[in-house]
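In what follows, chains carry the letters A, B, and so on, assigned in the order in which the sequence lines appear, proteins first and then strands, with residues in each chain numbered from 1.
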Protein chains: 2
Amino acid sequence: MIEYSTLLENFVKLLKENKLKFTKQRELILKTLYDNDGHFSTDDIYAMLKEEHPELNIGIATVYRTLSLLEDAGLALSISFGKDGKIYELGLKKHHDHLICQSCREIIEFVDEVIEEKQKEIAKKHNFKMLDHTMKIVGLCEKCQKIDNI
Amino acid sequence: MIEYSTLLENFVKLLKENKLKFTKQRELILKTLYDNDGHFSTDDIYAMLKEEHPELNIGIATVYRTLSLLEDAGLALSISFGKDGKIYELGLKKHHDHLICQSCREIIEFVDEVIEEKQKEIAKKHNFKMLDHTMKIVGLCEKCQKIDNI
DNA sequence: GTTAGTGCAAATCGTTTGCACGGTT
DNA sequence: AACCGTGCAAACGATTTGCACTAAC
């Protein structure tokens, strides 16, 4: 995994290149994604920052704006599902897909080279230029299967 | 492909079983999905019904309610993408995945048995009970690649 | 006659935007 | 000093809901 200091350097450079400013808010949102290696909704991140940095008095609009900025920059990526289901994660990992537990919302990441390869083939066969691809397996994790059977 | 009359019978039966009523609105929404083999947003269907059956004076709320009902019943299924991107299709076909053109919104369906098999394996390996799975390849179709290069 | 469905308009919820102010360059 | 980012509150757009009325049973 990339060091936080390196990540931060990249971010600062990227901002500079685009004549954007480096603010405490932007830094903390990036850091939150980095430190809490996981998947969070805009609101999750807003709540975490409210909790951990109340002095910032951050606004939800800033969280929306920043996550969107990070996504455009390739530093974060989002997964959407059903209505009201959009979560972000740090965008620097190798491409991977997700298993999502419908009940507890646990998320497991996985990579399968055979599937990756097949997807390329399919796009090619249909003369599509593939820009993005996502796969989600929704179901019940081990724990929730047991609970649901009670 | 299933006959419309059979589909309708199933629908009527299903409604009866759940003490729900068979209305003109419900029938026409199902028929619209059946006749126009494709992928439509709630608004698309609303517009089509306004156009083709102005005497019905259908309300958008009914379209939302009915599509949701059809989805629960397994007669329709939805695909979501990015904000404001939810479309429905008739839900009686064999499972398939989608190639989506980012530019013109063309949608191509495909099935790949190798991928299907791999997904089962992955769920099993993680002790997940797979309930649903979706794969989307987003990109540019042949036509739009050319246009975008001008 | 009872119950469920409908259209309408209002409410809701996540997200975006305009603006005046404050922070970064 | 110039300009961008921020918080706030208002605006927005898709979807949902409460209600009185109508249609299906």
d([atom1], [X]; [atom2], [N]) in whole Å:
X: A:Tyr46; N: C:dC13; atom1: OH; atom2: P; answer: 16 Å
X: B:Asp44; N: D:dA14; atom1: CG; atom2: C1'; answer: 14 Å
X: A:Leu70; N: D:dG5; atom1: CG; atom2: P; answer: 13 Å
X: A:Leu69; N: C:dT16; atom1: CG; atom2: P; answer: 13 Å
X: A:Tyr88; N: C:dT15; atom1: OH; atom2: P; answer: 8 Å
X: B:Leu67; N: D:dT16; atom1: CG; atom2: C1'; answer: 14 Å
X: B:Lys50; N: C:dG7; atom1: NZ; atom2: C1'; answer: 9 Å
X: A:Leu20; N: C:dG23; atom1: CG; atom2: P; answer: 19 Å

Checking all strands, does [X] fall into the base, sugar-phosphate, or nothing category for heavy-atom contacts under 4.0 angstrom?
X: A:Ile60; result: nothing
X: B:Asp43; result: nothing
X: B:Arg65; result: base

**Q.** Pairing of A:Lys24 and A:Glu27 as salt bridge, 4.0 angstrom limit
**A.** no

Considering only [options], which nucleotide approaches the side chain of [X] most closely?
X: B:Asn57; options: C:dA4, D:dT16, C:dG7; answer: C:dG7
X: B:Tyr64; options: C:dT6, D:dT16, C:dG14; answer: D:dT16
X: A:Ala61; options: C:dT17, C:dG14, D:dT15; answer: C:dT17
X: A:Thr42; options: C:dG7, C:dT6, C:dT15; answer: C:dT15

**Q.** Interatomic distance, B:Asp112 atom CG to B:Gln119 atom CD [nearest 0.5 angstrom]
**A.** 9.5 Å

Q) Rounded to the nearest 0.5 Å, how far does CD of B:Glu116 lie from CD1 of A:Ile115? A) 9.0 Å

Q. Is the backbone of B:Leu28 close enough, under 3.5 Å, to the side chain of B:Thr32 for a donor and an acceptor to pair up by distance?
A. yes

(Q) Using a 3.5 Å distance criterion without hydrogens, assess whether the side chain of A:Tyr34 forms a donor-acceptor pair with backbone atoms of A:Ile2. (A) yes

Q. For B:Thr23 and C:dA4, is the shortest distance between a side-chain N/O and OP1 or OP2 below 4.0 Å?
A. no

Q: Answer yes or no: does a side-chain N or O of A:Gln25 lie under 4.0 Å from OP1 or OP2 of C:dG23?
A: no

(Q) Is it the case that D:dC3 (base atoms only) and A:Lys21 (side chain only) share a donor and an acceptor within less than 3.5 Å, ignoring hydrogens and angles? (A) yes

Q. When the nearest nucleotide of DNA chain C is assigned to B:Gly59 and to B:Lys19 on a heavy-atom basis, which residue is associated with the more 5' position?
A. B:Lys19

